[in-house]
Protein chains: 2
Amino acid sequence: MLDTNTNEAVPDNAQEGAGRERTGLREELLQTAVDLFATRGFKGTSIRDIAKTLGVSVSVIYHYFGNKEGLWSAILDYSVKGLPARLEAALGGGGHALERFRRVLRAHLAASALYQKESKIFLIDYDRMSAAGDQTSKAIQKRVLDAYVGILEELRTEGLVKSAQTKILAFNVLGVVNWYLRWYRPDGPLAPDEVYEEIVAFVLYGVIGTPPGQS
Amino acid sequence: MLDTNTNEAVPDNAQEGAGRERTGLREELLQTAVDLFATRGFKGTSIRDIAKTLGVSVSVIYHYFGNKEGLWSAILDYSVKGLPARLEAALGGGGHALERFRRVLRAHLAASALYQKESKIFLIDYDRMSAAGDQTSKAIQKRVLDAYVGILEELRTEGLVKSAQTKILAFNVLGVVNWYLRWYRPDGPLAPDEVYEEIVAFVLYGVIGTPPGQS
DNA sequence: TAATCTATCGAACGATCGTTCTGGTACGCA
DNA sequence: TGCGTACCAGAACGATCGTTCGATAGATTA
C-alpha cells in the first residue's frame with residue numbers, strides 16, 4: 001500500500017520517477033521564494049507557502065538550504081552580495097571623477113533592475129534578520145555607502161560638489177536609487193534607458209547643484 | 001488567595017487598585033508597539049511581545065484595540081494619516097511655485113522626523129497588510145505622490161523644470177525624503193535644520209537642474 | 001445599597017510556524 | 001547484481017501565533 005500511495009501522490013510531474021532530480025528544482029525554489037518574500041515579506045512567508053506553490057514537500061527546502069535562513073542566504077549569494085564589487089569596479093577604471101560617478105550610478109541602477117525583487121527584500125528585511133545574516137547585510141550596505149562617499153569626496157576636492165556633507169549626499173543618492181526599485185515596473189511606458197537617464201540627471205544636478213546665494 | 005495574588009502581581013504601580021485605569025496605558029501600548037514594530041516589523045512582533053514589555057496581560061490590547069490590525073490602525077490614525085493634509089496645506093497658501101515646493105518639502109521632512117518610527121513602519125509594511133489597511137495606506141501614498149506631481153507640473157509650466165517626466169521626478173523626491181527617515185538619528189552631529197537644508201538643496205537642484213548640453 | 005460598567009488578569013483554544021524524522025525510490029558505480 | 005547516495009513525500013513535534021473566555025476588583029450609577 002505504500003508504493004501505490006507514492007505513485008498516486010505525484011501531482012503532475014509523473015513522467016519522471018519519484019527519485020529523479022527535477023529539472024532545476026533548486027532554482028525553482030529560489031525563484032518562488034523570491035516572489036513570495038517580495039510580496040509578503042520574509043516573516044510573512046512560510047516554508048509551506050513556498051513548497052505548496054511548487055507542489056513539493058517542505059523537506060525539499062531543508063534538503064537544499066538547511067533552513068529558512070539558508071534559503072535567504074542562497075538568495076543573497078547570487079544577487080545582492082555582488083553589488084559592492086560591481087560598484088567598486090565601476091568606480092575604478094579611467095575617466096575623470098564625474099564620469100566615474102555617472103558610471104557607478106548606472107551600474108547601481110542596472111543591478112537594482114536585474115535583481116529588483118531580491119534587492120527589495122534585502123532593503124526591507126535586512127535589519128530584521130537574526131544575527132548571522134545581519135552581519136553580512138550591514139557590511140554590504142556599508143560598502144555601497146562608502147563607494148558613494150568616496151567618489152563624492154573626490155568630486156568635492158575637484159570643486160564640483162560644494163557641500164561638505166558628502167555622507168548626506170550619499171544617503172540622498174541611495175534614497176533615489178533604492179526607491180527606484182520599489183516603483184519601477186518593467187512593463188511601464190518608458191524604456192529602461194530613458195528611466196535611467198532621468199534618474200541620473202536628477203542625481204547629478206542634486207549632487208553638483210549650483211553655489212548657494214540664490215533664493 | 002486570589003486577591004493576594006492580584007496584589008503581588010502588580011509590578012510597580014501598586015499604589016493604584018487593580019481595576020483602576022492606569023495612567024495612559026493606551027498611549028503606553030501605542031508607544032511600545034511602535035518601538036517594536038519599527039525594529040522587528042509588524043509580522044515579527046507578537047501581541048505577547050508588546051504586552052510583556054509593559055508587564056501587562058495580552059487582553060488589554062484586545063480591550064483597547066480589538067485586534068492586532070486595530071492596533072496598527074490606531075497608530076496610523078495619529079501619525080501618518082495626517083500627512084497628505086499637511087502637504088496639501090503647505091501646497092496651498094501664497095508664494096510662487098518654487099517657494100511652495102520648498103514649503104511642501106520642508107513640511108514633509110518635518111512630519112517624517114516627528115513620526116519617524118511610524119512612517120518607517122508604514123513605508124515598509126504598507127503593502128503587506130491585509131485588505132482593509134492596504135486600502136487606506138495606498139490612498140495616503142497616492143495623495144502624497146499627487147501633491148508632488150502637481151507642484152512639479154506647475155514648475156514645469158513656469159519653465160523651471162525641464163523634464164516632462166514629472167512622475168519620475170516625484171518618485172525621486174519621495175525616495176530622498178523616505179530614505180531620510182531610515183538613516184536620520186536625532187542624536188547625530190548635525191542640527192535638524194542643517195540636515196533639512198542639505199536635503200532641500202539636493203532635491204531642488206535635482207528637480208530644477210540646469211539645461212543639458214554640459215558634460 | 002444594588003446593579004452595571006470598565007479595566008485587567010490568566011488560562012485556554014485552534015491554527016500555523018520552523019524543523020525533524022522515518023521511510024521509500026531511482027540513479028551511479030563497483 | 002548489489003549497494004551507497006541523492007532526492008523527495010508525509011507525518012509528526014514542540015513552540016508560538018492571534019484570539020477568546022470567564023473571573024475579579026474598583027468605579028459609576030440608580
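Just so it is clear, the structure is predicted and the values come from calculations on it, not from any experiment. We name chains A, B, ... by the order of the sequence lines, and we start the count at 1 in each one.
Put simply, B:Tyr64 has no side-chain N or O that comes within less than 4.0 Å of OP1 or OP2 on C:dT6. Not one side-chain nitrogen or oxygen of A:His63 sits closer than 4.0 Å to the OP1 or OP2 atom of D:dC8. The phosphate of D:dC17 (OP1 or OP2) has a side-chain N or O of B:Ser46 nearer than 4.0 angstrom.
Here B:Glu194 pairs with nothing under the salt bridge (charged side-chain N to carboxylate O under 4.0 Å, His left out) rule; sequence neighbours left out. The side-chain hydrogen bond (donor to acceptor under 3.5 Å, both in side chains) check on A:Lys81 picks up A:Asp77, with sequence neighbours excluded. The ring-ring contact (aromatic ring centres under 6.0 Å, His included) test applied to A:Tyr184 returns A:Tyr180, not counting sequence neighbours. Every salt bridge (charged side-chain N to carboxylate O under 4.0 Å, His left out) that B:Glu154 has, sequence neighbours left out, goes to B:Arg100.
Straight-line distance from the CD1 atom of B:Ile61 to the P atom of D:dC17: 12 Å, rounded to whole Å. In this structure, the CD atom of B:Glu69 is 15 Å from the C1' atom of D:dC17, given to the nearest Å. For the pair A:Leu54 CG and D:dA9 C1', the computed distance is 15 Å after rounding to whole Å. Straight-line distance from the CG atom of B:Leu36 to the P atom of D:dC17: 12 Å, rounded to whole Å. The CZ-P distance, from A:Phe65 to C:dT19, rounds to 14 Å in whole Å. Between the C1' atom of D:dT20 and the CD1 atom of B:Ile47 lies a distance of 13 Å, rounded to the nearest Å. For the pair A:Leu29 CG and D:dC8 C1', the interatomic distance rounds to 11 Å; values are reported in whole Å. In this structure, NZ of A:Lys52 is placed 19 Å from P of D:dC8, rounded to the nearest angstrom.
For the pair B:Ser73 (side chain) and B:Glu69 (backbone), a donor-acceptor distance under 3.5 Å is absent.
A salt bridge between A:Arg102 and A:Glu197 is absent, with no side-chain N of the basic residue lying under 4.0 Å from a carboxylate O of the acidic one.
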Would you be so kind as to tabulate the donor-acceptor pairs closer than 3.5 Å made by side chains of residues 31-41 of chain B, with sequence neighbours excluded?
residue : atom : partner  : partner atom : Å
B:Gln31 : NE2  : B:Asp35  : OD1          : 3.4
B:Thr32 : OG1  : B:Glu28  : O            : 2.8
B:Asp35 : OD1  : B:Lys117 : NZ           : 2.7
B:Thr39 : OG1  : B:Asp35  : O            : 3.2
B:Thr39 : OG1  : B:Leu36  : O            : 3.2
B:Arg40 : NH1  : B:Asp49  : OD2          : 3.4

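Each of D:dA9, C:dT8, C:dT19 was ranked by its minimum atom distance to the side chain of A:Tyr62; first place goes to C:dT19.
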For nucleotides 11-14 of chain D, give me every protein contact, N/O to N/O, under 3.5 Å, one pair per line with atom names.
residue : atom : partner : partner atom : Å
D:dA12  : N6   : A:Arg48 : NH2          : 3.2

